[in-house]
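Whatever order the structure lists them in is the order used to number ligands and atoms, beginning at 1. Throughout, residue positions are numbered sequentially from 1 according to the sequence presented. What you see below is based on every heavy atom in this structure, not just the backbone, and it leaves out hydrogens, waters and symmetry mates.
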Amino acid sequence: MKIRPLKTHNKKEVSRLLSQAKTFNEQEVQVALGVVDEALRRPEKGDYCAFCALNSNGSFTGYICFGPIPMTEGCYDLYWIVVDKACSRRGIGGKLLEFMEDFVIKKGARRIYVDTSSTPPYEPARALYEKHGYRVVGLLEHFYRKGDHKVIFMKEVRTGA
Ligand SMILES: CC(C)(COP(=O)(O)OP(=O)(O)OC[C@H]1O[C@@H](n2cnc3c(N)ncnc32)[C@H](O)[C@@H]1OP(=O)(O)O)[C@@H](O)C(=O)NCCC(=O)NCCS
C-alpha cells in the first residue's frame, strides 16, 4: 500500500467513497468535497492536507483530510477519513491515521482532535480511533440532531502535550 498527496484527478474517487460510505448525508458530502477542493487549491498553505491510499495495483482505496486548528499551538483536526467498503478491515484506515500522526508530529503537533457522531453507523470510526489511542474528551449532547451527539476524541502525540 502507498500513501501520497491527493491529486485533482482523484476527486471522483473521493466522491464515490463519500457517497458509498452511507455515514454522510448530501450536505456532509458537499462539505467534505469543499475541504478537499481547498486542500487541492492551496496545498502550500497547509490549512487543509489531503492524502490518499493506493493499493499495489494503483487502485484508490481511501483518503484522509486534516489540518491545523487556527488560534491553537500545535492542535490539529482530523476532518475526514474514508476507506473503500470493499477494502475495509484490512488496516488501511489505521495506516492513514498513522501517516497523519507522523506528518503532523514533524510540523510540531501536540494534539489531534476528531469529532464524530454517537450513532451506530459511526461505530467503526469510533472503534478505529480508540484502537489507535484516541480517547473521548467531550460529548455534546443532541449536537447534530436530537439523539445524535457529537463525540470528541483526542490523542496527545507528544508526551506531556
Ligand atoms: C472508519 C473507517 C475509516 C475504518 O477503516 P478501515 O480501513 O476498515 O480500518 P482498519 O482496517 O484500520 O480497522 C482498524 C480498527 O477499526 C475498528 N473497525 C474498523 N471497522 C470496523 C467495523 N466495521 N466494526 C467495528 N470496528 C471496526 C476495529 O477496531 C479495527 O481493528 P480490528 O480489525 O483489528 O478489529 C471505515 O470504516 C470507513 O470509511 N467508514 C465510513 C466513513 C466514516 O465513518 N469515517 C469517519 C468519520 S469522518
Side-chain angles (χ1 to χ4, degrees), residues 1-7 10-40 47-70 75-105 109 111-145 147-157:
M1 194 191 98
K2 181 179 163 188
I3 297 177
R4 63 142 171 82
L6 196 78
K7 296 183 181 159
N10 297 132
K11 269 184 70 182
K12 58 178 185 313
E13 283 118 328
V14 168
S15 197
R16 179 178 67 82
L17 293 200
L18 287 165
S19 306
Q20 174 213 59
K22 304 265 188 284
T23 32
F24 312 120
N25 62 34
E26 190 45 40
Q27 193 187 5
E28 289 161 340
V29 169
Q30 291 312 315
V31 172
L33 290 172
V35 171
V36 162
D37 278 340
E38 197 57 36
L40 291 169
D47 290 345
Y48 297 97
C49 309
F51 289 85
C52 60
L54 306 174
N55 70 14
S56 52
N57 59 31
S59 308
F60 190 95
T61 53
Y63 88 100
I64 189 164
C65 191
F66 56 89
I69 304 177
C75 292
Y76 280 71
D77 244 337
L78 164 56
Y79 296 119
W80 251 278
I81 178 168
V82 187
V83 169
D84 191 331
K85 257 191 177 8
C87 310
S88 71
R89 234 46 201 266
R90 293 190 202 160
I92 297 170
K95 290 259 173 24
L96 283 166
L97 272 188
E98 286 164 10
F99 176 90
M100 169 190 68
E101 291 170 11
D102 290 345
F103 185 93
V104 301
I105 286 168
R111 294 171 166 210
I112 300 172
Y113 287 86
V114 49
D115 297 347
T116 195
S117 155
S118 64
T119 57
Y122 286 86
E123 168 59 27
R126 295 192 302 271
L128 172 74
Y129 305 143
E130 268 161 23
K131 182 176 175 185
H132 285 266
Y134 292 73
R135 62 188 168 88
V136 175
V137 293
L139 181 80
L140 303 185
E141 288 185 333
H142 311 293
F143 181 83
Y144 296 110
R145 55 195 66 77
D148 184 352
H149 317 308
K150 181 198 272 201
V151 185
I152 306 168
F153 285 84
M154 188 273 286
K155 179 171 180 176
E156 291 179 352
V157 289

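Between Phe60 and Arg16 the shortest heavy-atom distance is O-NH2, 4.0 Å. When all heavy atoms are compared, the tightest approach of Pro5 to Cys52 is O-SG, 4.3 Å. Of all the heavy atoms in Tyr144 and Ser117, the pair that sits closest is CE1-CA, 4.0 Å. In terms of heavy-atom proximity, Leu140 sits nearest to Phe143 at O-CB, 3.3 Å.
At the top of the distance list for atom 5 (O) of ligand 1, counting protein heavy atoms only, stands Val83 CG2, 3.6 Å. Of the protein's non-hydrogen atoms, the one nearest atom 42 (C) of ligand 1 is Thr23 OG1, 3.5 Å. Here the heavy atom of the protein found nearest to atom 34 (O) of ligand 1 is Lys131 NZ, 2.8 Å. For atom 7 (O) of ligand 1, the nearest non-hydrogen atom of the protein is Gly93 N, 2.8 Å. At the shortest separation from atom 11 (O) of ligand 1 among protein heavy atoms lies Gly91 N, 2.7 Å. What sits closest to atom 23 (N) of ligand 1 on the protein, heavy atoms only, is Pro124 CG, 3.5 Å. Of the protein's non-hydrogen atoms, the one nearest atom 12 (O) of ligand 1 is Gly94 N, 2.8 Å. Distance from atom 26 (N) of ligand 1 to its nearest protein heavy atom, with residue and atom name: Ala127 CB, 3.5 Å.
At a threshold of 4.5 Å between non-hydrogen side-chain atoms, the residues Tyr63 and Leu18 count as touching. Under the 4.5 Å side-chain criterion, counting only non-hydrogen atoms from C-beta, Asp47 is not in contact with Glu38. When side chains are defined from C-beta on, Phe24 counts as touching Val82, because their heavy atoms get closer than 4.5 Å. Considering only heavy atoms from C-beta on, Ile81 comes within 4.5 Å of Tyr129 through its side chain.
Summarising the local packing, NZ of Lys95 is surrounded by 12 or fewer heavy atoms from other residues, nucleotides or ligands at distances under 6.0 Å.
Evaluated for a ring-ring contact (aromatic ring centres under 6.0 Å, His included) with Phe66, the options Phe103, Tyr113, Phe99 yield exactly one hit, Phe103.
For ligand 1, the atoms lying closer than 4.0 Å to a non-hydrogen atom of Val82 are 39 (O). Atoms of ligand 1 found under 4.0 Å from any heavy atom of Arg90 (numbered from 1 in listed order, with element): 11 (O). If you number the atoms of ligand 1 from 1 as listed, the ones under 4.0 Å from a heavy atom of Ser88 come out as 8 (O).
Both the backbone and the side chain of Leu128 come within 4.0 Å of ligand 1, counting heavy atoms alone. Only side-chain heavy atoms of Tyr129 come within less than 4.0 Å of ligand 1; its backbone N, CA, C and O stay farther off. Contact annotation: for Lys85 versus ligand 1, there are no heavy atoms closer than 4.0 Å. In Arg89, the parts holding a heavy atom less than 4.0 Å from any atom of ligand 1 are both the side chain and the backbone.
Per-atom contact check: atom 40 (N) of ligand 1 does not touch the protein, criterion being a heavy-atom distance below 4.0 Å.
Not a single heavy atom of Glu123 sits under 4.0 Å from any atom of ligand 1.
Considering backbone and side-chain N/O atoms, Ile81 comes within less than 3.5 Å of an N/O atom of ligand 1. The shortest N or O to N or O distance between Trp80 and ligand 1 is not below 3.5 Å. An N or O contact shorter than 3.5 Å is missing between Pro121 and ligand 1 by distance.
Under a 4.0 Å N-O distance rule, the pair Arg126/Glu123 qualifies as a salt bridge.
A side-chain donor from one of Arg4 and Asn10 sits under 3.5 Å from a side-chain acceptor of the other.
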